[in-house]
S.K.: 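Can you keep this structure in mind? I'll have questions shortly.
Given the structure is predicted, the values throughout are model-derived calculations rather than measurements.
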Amino acid sequence: MKNIFKTMLPILAMAACVWASCSDDKDDPTPGKPALPTIAVSEPALSADNAKAVVTVTPSEETEKWYWKCEPKGQSAAAYTAVTGKEEAKLEIPIDMDVTYTLTAYAENETGKSKEVSKEFTFKSEDVMTELVEFEVKNLSAFSMDVVVKKSAKCAKYVIGATPKGYMGTNTTTGEEEYVEIYKEATFIENAETSLNPDESYPMQPYNWSDVSATFTERTLSRYALKDKDISESKGIILRSLEVDEIKMIIAVYALDAEGNSKVYTQEITIPEPEITGQVAVSIDVPKDKIKMRSFEATFTADANCSRIHVGQSSAGLIASGGKSFDNMTEEEICASIVRLGAEVPLAYTGAFSKEFASKDMEPNTSYIVYAIPIDKEGKIGKVVYKSVTTGTPVYDGTGEITSVSFPDQVTPEKLLVDISVSDKVEFVRVLWDIGTGPGSLDLNTIMADEDSRNVHWYEYATADLSKLKTEDNNGGLYITSPGSTYYLRAVTVDKDGKLSEIIDLVEKANKGTNGIKTKEEEPEISVTDWEGTGKLTLTVVSTGTNEETGLYTADLKVVKGENTKQVYMVKWSGEAQPTDIDNYIKELPYFVNFDPEAGAVGVVSIVLDKNTAEKTTTEEFMDEYSAMWGGDSRIYVTLDNDGKLSIADWYIHGYGTKNDHN
């Protein structure tokens, strides 16, 4: 075997030499033909005169024709452009800023094709902009817009917002109509700075900010959300309103450079009238099992060109316009009227979605209109779609039954005891008890079937828990808020199929008549507090003013202990304090009725001077000034003397003064 390898080595070496020689000669031109051409492409540069990429292409002497194309990176749709000749050429290629392009070129002659030369390039708008930011409003409709913001390299960050320019109002002095401006640059700057540096105690941000180029919509042009909320939770701005025929908006951008220098850029736009010109379509489906007495759920499905969608519900009466009833309106008139109802921020559409429409104002067995206003990617409003939905009707056809009712004697005034027995088909019992549910006072037929009334008008008890209602043990019984009043009790059962039985009067079922049941009266509490104290104090109003942040009135009140005074209490009475009522109000407060000199402050009562403090000045805030008819906000000072007796020493009512001011 060793001899075979020795013999093979020279042969392999010779073969390698022959192959290498052939390989080196493969690019040599065929005798009588030119060499393969080459081509050179300069680095693309941006034209100073227009948004074009400038490239110099240099074919070699052997070139007969050369080809080039330029297209966004990753695409291959562009065709090559052919150029005859070998002369150097300068190409000026229209491009979009901030888009990455690939330029490809090659040369050709009768011998063949050169290697392709490619240049990848991007021109960033932020590198060539003279201003900190530039922005453009696109896809504007009656409900939506896109504001495209380009940030320059010099801009560190910016805040963007939108505000109505103003409105026609009435001068309160002259009575004349005049234009009232809403947008004010100073206010916008203040809100912009708050958006960048929100108050940590309540970090509400009026507007959104960014440090990159971005597109903002009607949803994100107005934020009004807390700092930790996502931009998608922005409140947004409603562009169309029923009260205004023409709406002008100010789009404003507050931009900062790296040194903190700022500049405001604004653009005024007019919100157009709603025009149904788009082709996007949408469908509405309301499943029967999603229809309740005061709510229903609708599913909205739009085609692929839908960008945003405004959905809502109304009544036929509200949609009716032009002196016509809804039934007498044409399809075109109905759609035009629905578009006028659009007074919410549209939803971004990314696919079919469901939305519940619920309101306490909805009535059972009543027809409502659910509608959708689709908007395409170009801001055009598509076909308006609507559908009539009739809310559910209460049905009482259950098989459950309350077989007997009795009322054990009340132990305490706060609890009414009731013993309820039911048939074996009952799963739950709904019980309603109130002093205001006498005959005709409430729509019981609706309330007892209405889930929104759960834990509001009625409470539901499982059959196993009914025994708790006949005793106060373990927090049992029915809680009474007005002891001594007459209560009416109604109940229905819920059977194993979820159906309700007919409403019954529990008092009547217990053979106690149809006029409710009188509850146990509360025994009056007798106060043993001694109000013959001799403690003294001096109350001084140091200053009054207004809190600029809250808008509330303020007063700095100084209290100094006098003789025989151990402690001073301050009581806040807001809204309706009258000088002649103060004594009764203080003496009837539970804190003083059950007075304990060792107890701490609670509720409206605070200890302003304890046994170790001789004087103190506090800043108090007040909602309203004193009115002889309604009263006012007050601070009342009570002394505790060294013998443990109380005395109402002095008080201050904002807008009226202290007790001594009127003696």
S.K.: Run the side chain to side chain donor-acceptor pair (under 3.5 Å) test against Q567 and tell me which residues pass, sequence neighbours left out.
M.R.: Y569
S.K.: Is the shortest side-chain N to carboxylate O distance from R635 to E620 below 4.0 Å?
M.R.: yes
S.K.: Could you check whether R430 pairs with E460 (Lys NZ or Arg NE/NH1/NH2 to Asp/Glu carboxylate O, under 4.0 Å)?
M.R.: yes
S.K.: Test side chain to side chain donor-acceptor pair (under 3.5 Å) on S453 and Y459 and set out the steps.
M.R.: CA-CA 9 Å; S453 292; Y459 291 78; over 6 Å; no
S.K.: Which label fits F188 and Y207: parallel for a plane angle under 30°, tilted from 30 to 60°, or perpendicular past 60°?
M.R.: tilted
S.K.: Quiz question: by atom type and distance under 3.5 Å, do the side chains of T619 and D556 form a donor-acceptor pair?
M.R.: yes
S.K.: With a 4.5 Å cut-off on side-chain heavy atoms, are L432 and I447 touching?
M.R.: yes
S.K.: K227: which residues meet the salt bridge (charged side-chain N to carboxylate O under 4.0 Å, His left out) condition with it, sequence neighbours left out?
M.R.: E200
S.K.: Measuring only between side-chain heavy atoms, which start at C-beta, is F428 closer than 4.5 Å to T463?
M.R.: no
S.K.: Judged by modelled atom types alone, do T658 and Y637 share a side-chain donor-acceptor pair under 3.5 Å?
M.R.: no
S.K.: Please confirm whether W433 and Y479 have ring centers closer than 6.0 angstrom.
M.R.: no
S.K.: Would you give me the side-chain donor-acceptor pairs under 3.5 Å for residues 571-592, sequence neighbours excluded?
M.R.:
unit_1	atom_1	unit_2	atom_2	d
Q578	OE1	Y626	OH	2.7
Q578	NE2	A628	O	2.9
Y591	OH	G600	O	3.1

S.K.: Which residues pass the side chain to side chain donor-acceptor pair (under 3.5 Å) test with Y652, not counting sequence neighbours?
M.R.: H654
S.K.: With D465, which residues qualify under salt bridge (charged side-chain N to carboxylate O under 4.0 Å, His left out), at least two apart?
M.R.: K468
S.K.: For a 4.5 angstrom cut-off between non-hydrogen side-chain atoms, does L417 reach E472?
M.R.: yes
S.K.: Can you tell me if D641 uses its side chain to pair, donor with acceptor, with the backbone of G644 under 3.5 Å?
M.R.: yes
S.K.: Would you say N547's side chain and E549's backbone share a donor-acceptor pair under 3.5 angstrom?
M.R.: yes
S.K.: Checking Q205 against Y224: is there a side-chain donor and acceptor pair closer than 3.5 Å?
M.R.: no
S.K.: Using a distance-only test with no angle check, is there a side-chain donor-acceptor pair under 3.5 angstrom linking N642 and K611?
M.R.: no
S.K.: Using a strict threshold of under 4.0 Å (side-chain N to carboxylate O), is an ion pair present between D505 and R490?
M.R.: yes
S.K.: How far apart are the C-alpha atoms of E193 and Y254, what are their side-chain angles, what is the distance that settles it, and do they pass the side chain to side chain donor-acceptor pair (under 3.5 Å) test?
M.R.: CA-CA 9 Å; E193 290 175 345; Y254 174 78; 3.1 Å; yes
S.K.: Looking at side-chain heavy atoms only, is the closest gap between W531 and F595 below 4.5 Å?
M.R.: no
S.K.: T613 side chain to E615 main-chain N or O, any donor-acceptor pair under 3.5 Å?
M.R.: no
S.K.: Whether E344 and K355 form a salt bridge (side-chain N of Lys/Arg under 4.0 Å from carboxylate O of Asp/Glu) is what I want to check.
M.R.: no
S.K.: Looking at residues at least two apart in the chain, or sitting in another chain, which of them share a salt bridge (charged side-chain N to carboxylate O under 4.0 Å, His left out) with D495?
M.R.: none
S.K.: Any luck finding a side-chain donor-acceptor pair between D230 and S232 under 3.5 Å?
M.R.: yes
